[in-house]
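Keep in mind the model is a prediction, meaning the values are calculated, not measured. Here, residue 1 is the first one in the sequence, and each next residue gets the next number. Start at 1 and go down the list; that is how both ligands and their atoms are numbered.
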Amino acid sequence: MGPPDPLEKDRTPRTWGRMGAPITLPNRMLRARPPCACSASTACRWAPCWGGTRGLHPVPRPEPPARFPQGLLTFGYIALLSRVGEQVAASMRKALFISLLRQDVAFYDANRTGQLVNRLTADVQEFKSSFKLIISQGLRSSTQAAGCIVSLYLLSPKLTGLLLLVMPTLVGAGALVGSFLRSLSRRAQEQVAKATGVADEVLGNVRTVRAFAMEDQQAGLYCAEAERSSQLSQRLGLGIAAFQGLSNLALNGIVLGTIFVGGSLMAGNELSPGDLMSFLVASQTVQRSMANISILFGQVVRGLSAGARVLEFMTLEPKVPLRGGASIPSHSLLGHVAFNHVSFSYPMRPGHPVLRDFSLSLPPGKTVAIVGPSGGGKSTVAALLERFYEPTQGSITLDGHDISSLDPSWLRGQVIGFISQDPVLFGTTIMENIRFGKPGASDEEVYAAARLANADDFIRSFPEGYGTVVGERGTALSGGQRQRIAIARALLKDPAVLVLDEATSALDAESERVVQAALDRSLGAVHGGGPGGERRGPGRRQRSAEPRGRRPARGAQRGRGRGRGWGRRRTGSGPRRAAPPAAEPNGAERPGRGR
Ligand SMILES: Nc1ncnc2c1ncn2[C@@H]1O[C@H](COP(=O)(O)OP(=O)(O)OP(=O)(O)O)[C@@H](O)[C@H]1O
């Protein structure tokens, strides 16, 4: 058994608690400790106060023996709190990241990367700070207030009863203002995320910005977003300030009311002057604690809305789960792909059908090129086959099995190899980038895939060879070199169906010739002898209407597909070459574009 996979279904963020159990179990235990330590520390501080309020002790002072445990407990709760806070934040980040990775591709069409990164960083940070503040200061203030309310009750139940009568009004008003401030805080955080999204996009495409001399315009765009975010935060600050001012006013009013009512009680001999004085001292402590709580309130509001934003994506379920479903045993996998009356609109543009009643049959052992105008839906066909999106109508089958019943992870990981128009590499070494196609591959397998993709020579010409770091998104390589590494990455996977989405379109003539040769070599390679073995299924060329050395299967026309084929068919006893495509691929293609 391999190591546990963090992306497995039963570890979904909806079940974050379950998934994070190994992390959160000690958390739970630890979580219980800081509050206890904090309360105990506060209790040590205020213990003499409870014993000494009856009588004139205006400034309660801890007795010397209480100082040592108080210091120890303070150390204990701060150390534990910091540990728990960091663990909670790490658990949240991990769960959120795992959840984000599981989301549908449509989710990424709707959300900018920068905004998602903002949730992973700033929102989790905000939540963690609030969590720690609530536990430390909030708990201390609450225990102080609760302890002193007990003292007040012991001194004068009647006066305390009157005091508590006004509390629900204050709490109700606080809750109302709180919900308003929370929504304002949420808007402010969304705006911060939007500004981060702009920054992320601009910095990630700085070459394009530089090439068009758009620095000032882009700076203006970011500044406008940052300004909006600042304004919203200032409004939030105003709201919090107003809340704190009003709550201070109310608390001072309560103290004045206490003096007034206490005076009447004293006049009626229901309260002694000493008790009234003690009552006032204790009620001032309550007032101070409540004032502290109201100051914390702003942080709580921000923390709660940040937590809600994190949870929103942590509990989101993708339409197409990453795993689950049947898989076809490799010995019986032929690779016959069929689109049956498929209609499709992108979730972002539901009113704009891209495919309408589209049917296509891709026989095993053939290469089919789909040719059509720009925007005609060729990439969409590849995306549907990868199950990046679900057809609105119709079905797609692999060897007669509806791909919606097949395990998407198996389909993408073992059946389909995909080389996109603009392949993106990771900012690590060439070796690791190629190995992305098959994580357990040996160095030898990586070299073989690179040789097949005509990439080995140029890789070895670098001083660092396969250890060369390719820069962010592979920017330290030429377009042709990137393409060839992407091809090696796909070939290493040895997929049954290889999808080439204009894999050579961005290249100059020489690079295209080299890459095309690499593809031809790989498609002709003997299966079982390493990467780049048997390939079946759809390829796609749009720029080159008639790929070299292959006979087109159908005539091209606007909005219609055209296929061509080559390849081999696998048999039970081993691979053998299938006949070259002298005729049209089986099945009727009728790609259509919705307009
Ligand atoms: N993620 C998306 N969300 C919404 N609409 C999209 C999305 N991707 C593509 N489209 C739209 O779908 C239509 C088909 O796009 P597609 O990329 O499949 O065309 P294509 O034939 O591959 O074009 P090209 O040859 O220029 O790459 C276009 O109108 C495009 O604007």
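- Residue contacts with ligand 1 for Arg349 involve side-chain atoms from C-beta outward but no N, CA, C or O (heavy atoms, distance under 4.0 Å).
- Contacts between Pro373 and ligand 1 below 4.0 angstrom, taking non-hydrogen atoms only, involve the backbone exclusively.
- Below 4.0 Å from some heavy atom of His352 lie the following atoms of ligand 1, by number and element: 29 (O).
- Asp104 places a side-chain N or O within donor-acceptor distance of the main-chain N or O of Lys319, the cut-off being under 3.5 Å.
- A cation-pi contact, defined as under 6.0 Å to the ring centre and within 45° of the axis, links Arg460 to Tyr447.
- In this structure, of Phe344, Tyr346, Tyr108, the residue bringing a heavy atom nearest to atom 2 (C) of ligand 1 is Tyr346.
- Remark: Arg412 fails to qualify as a cation-pi partner of Phe418 under the 6.0 Å distance and 45° angle criteria applied to the six-membered ring.
- Considering backbone and side-chain atoms alike, Val354 places every N or O at 3.5 Å or more from each N or O of ligand 1.
- Under 4.0 Å is where a charged nitrogen must lie from a carboxylate oxygen, and between Glu225 and Arg228 at least one such pair does.
- Tyr222 pairs by the ring-ring contact (aromatic ring centres under 6.0 Å, His included) definition with nothing, not counting sequence neighbours.
- For residues 369-415, every residue pair satisfying the ring pair (Phe, Tyr, Trp, His ring centres under 6.0 Å) rule, not counting sequence neighbours, is listed here: Phe344-Tyr389, Tyr346-Tyr389.
- Of all atoms in ligand 1, numbered sequentially from 1 with element shown, those under 4.0 Å from a heavy atom of Asp109 are 1 (N).
- Atoms of ligand 1 found under 4.0 Å from any heavy atom of Thr380 (numbered from 1 in listed order, with element): 14 (C), 15 (O), 16 (P), 18 (O).
- Under 4.0 Å from ligand 1, the heavy atoms of Tyr389 that appear belong solely to its side chain.
- Salt bridge Arg112/Glu201: present, at least one basic N to carboxylate O contact under 4.0 Å.
- The shortest N/O to N/O separation between Gly375 and ligand 1 falls below 3.5 Å.
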